[in-house]
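Computed from a prediction, not measured in an experiment: that's the story for all the values here. All residue numbers in this chain count up from 1 along the given sequence.
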Amino acid sequence: MESEKQAVELVDFLYRDKSRLASYYAQIFGGRLMESEITSGVNNSKTLQGSLSVAVASGNVTNEKAISEEKKDTLDPHDAANLDVFIKLLELKKLWQGLRHAKPGDLVKLRGSLFLLDRVIIDACLKGMEMTPNQIPGGRKEMKIMKEMLSAMPFPTAYFLKLEDGTIVNGTIKDSGLEEPVSAYYFRYGGNWVGNVILYGILDNITAAKDVLDIVNVPFLSASQTIAQGMRSLLFPPDGKSVTPITICRVM
């Protein structure tokens, strides 16, 4: 006997930005879905028949009794509510599939191969760089400054998504939204990338510092922007597209 085809498309969630998903759901549907109920009812009729005694009268007596049964199931919508958000956004034409026609600030759906990078690997890279300081612009002095900054700064987990056309999409993610720790991916995939991954996110609107104000007259701001740009260039490729991820998943 052939197995029946699965009626639903299963999604394996790797990452969810739960606060954003809850906010979008509330804005689209007018509130936050906490639970849903499925109620089913059945009405049964039971007929009882009997004969009257001859001493009383002749004839039959029929007594009909209605019995009502009700079953109520309470469901936790869980990830179904998350999928409802993106289905509705597609219907409203507020979700672009791919980057081709998307503008900064638009919601996008992207497909590609995924790699995650966390603090543990960054620390290991720094130790390796200490052993070869000549390969770093500025040498040991630059390495020392970099190490001091990184030790004092909480380092976010980063993701990289390579699209089919070779474009690299990158950004940071919240550790609390991951289904499992990043180290699990290292042990399972090594240095390889996770294939056939779908990312829903916001194409970041990045405005160059020089277009905002004259940083020459604001020394501390100028210095902070230079350092921040150096931090970004350490982690992300200069031509990478920055996207704030909302959900990362695989379709099964």
Exercise. For atom NZ of K162, is the number of surrounding heavy atoms from other residues, nucleotides or ligands below 6.0 Å larger than 12?
Worked result: no
Hydrophobic cluster identity match, [X] and [Y], side-chain contacts under 4.5 Å:
X    : Y    : value
L90  : Y25  : yes
V251 : I246 : yes
L95  : I87  : no

For this session: Indicate the atoms forming the closest heavy-atom contact of V108 with A102, along with that distance.
Result: CG1-CB, 3.6 Å
Problem set entry | Considering all heavy atoms, the nearest G171-F236 contact | O-CZ, 3.6 Å
Exercise. Hey, what do you get for CG (L116) to CD1 (I248), rounding to the nearest 0.5 Å?
Worked result: 6.5 Å
Exercise. Rounded to the nearest 0.5 Å, what separation is found between the NZ atom of K88 and the CG atom of L83?
Worked result: 15.0 Å
For this session: Could you please spell out the steps behind the side chain to side chain donor-acceptor pair (under 3.5 Å) verdict for T157 and D175?
Result: CA-CA 7 Å; T157 296; D175 288 339; 2.5 Å; yes
For this session: Among residues two or more places apart or on two chains, list those pairs meeting salt bridge (charged side-chain N to carboxylate O under 4.0 Å, His left out) that have a residue in residues 105-116.
Result: K103-D106
For this session: Give me the ring orientation class for Y185 and Y189: parallel if the planes are under 30° apart, tilted from 30 to 60°, perpendicular past 60°.
Result: parallel
Problem set entry | Y200 side-chain N/O to C249 backbone N/O, donor-acceptor pair under 3.5 Å | no
Exercise. For K18, which residues count as a salt bridge (Lys or Arg N to Asp or Glu O under 4.0 Å) partner, sequence neighbours excluded?
Worked result: none
For this session: Just jot down the salt bridge (Lys or Arg N to Asp or Glu O under 4.0 Å) partners of E180, sequence neighbours excluded, or say none.
Result: R188
Seminar exercise, completed: Only residue of N205, N170, D204 satisfying side-chain hydrogen bond (donor to acceptor under 3.5 Å, both in side chains) with S242 is D204
Considering only heavy atoms from C-beta outward, does the side chain of [X] approach that of [Y] to under 4.5 Å?
X    : Y    : answer
R250 : I198 : no
R20  : T247 : no
D84  : N82  : no
L89  : I28  : yes
L203 : T244 : no
Y186 : D118 : yes
Y15  : K174 : yes
F160 : L117 : yes

For this session: Answer with yes or no after comparing the ring centroid distance for Y24 and F86 against a 6.0 Å cut-off, counting only values under it.
Result: no
Problem set entry | F115 vs V194, side chain to side chain contact (heavy atoms under 4.5 Å, CB included): CA-CA, chis, key distance, verdict | CA-CA 7 Å; F115 188 81; V194 185; over 6 Å; no
Problem set entry | Residue pair L163, V169: steps toward the side chain to side chain contact (heavy atoms under 4.5 Å, CB included) verdict | CA-CA 8 Å; L163 307 185; V169 172; 4.0 Å; yes
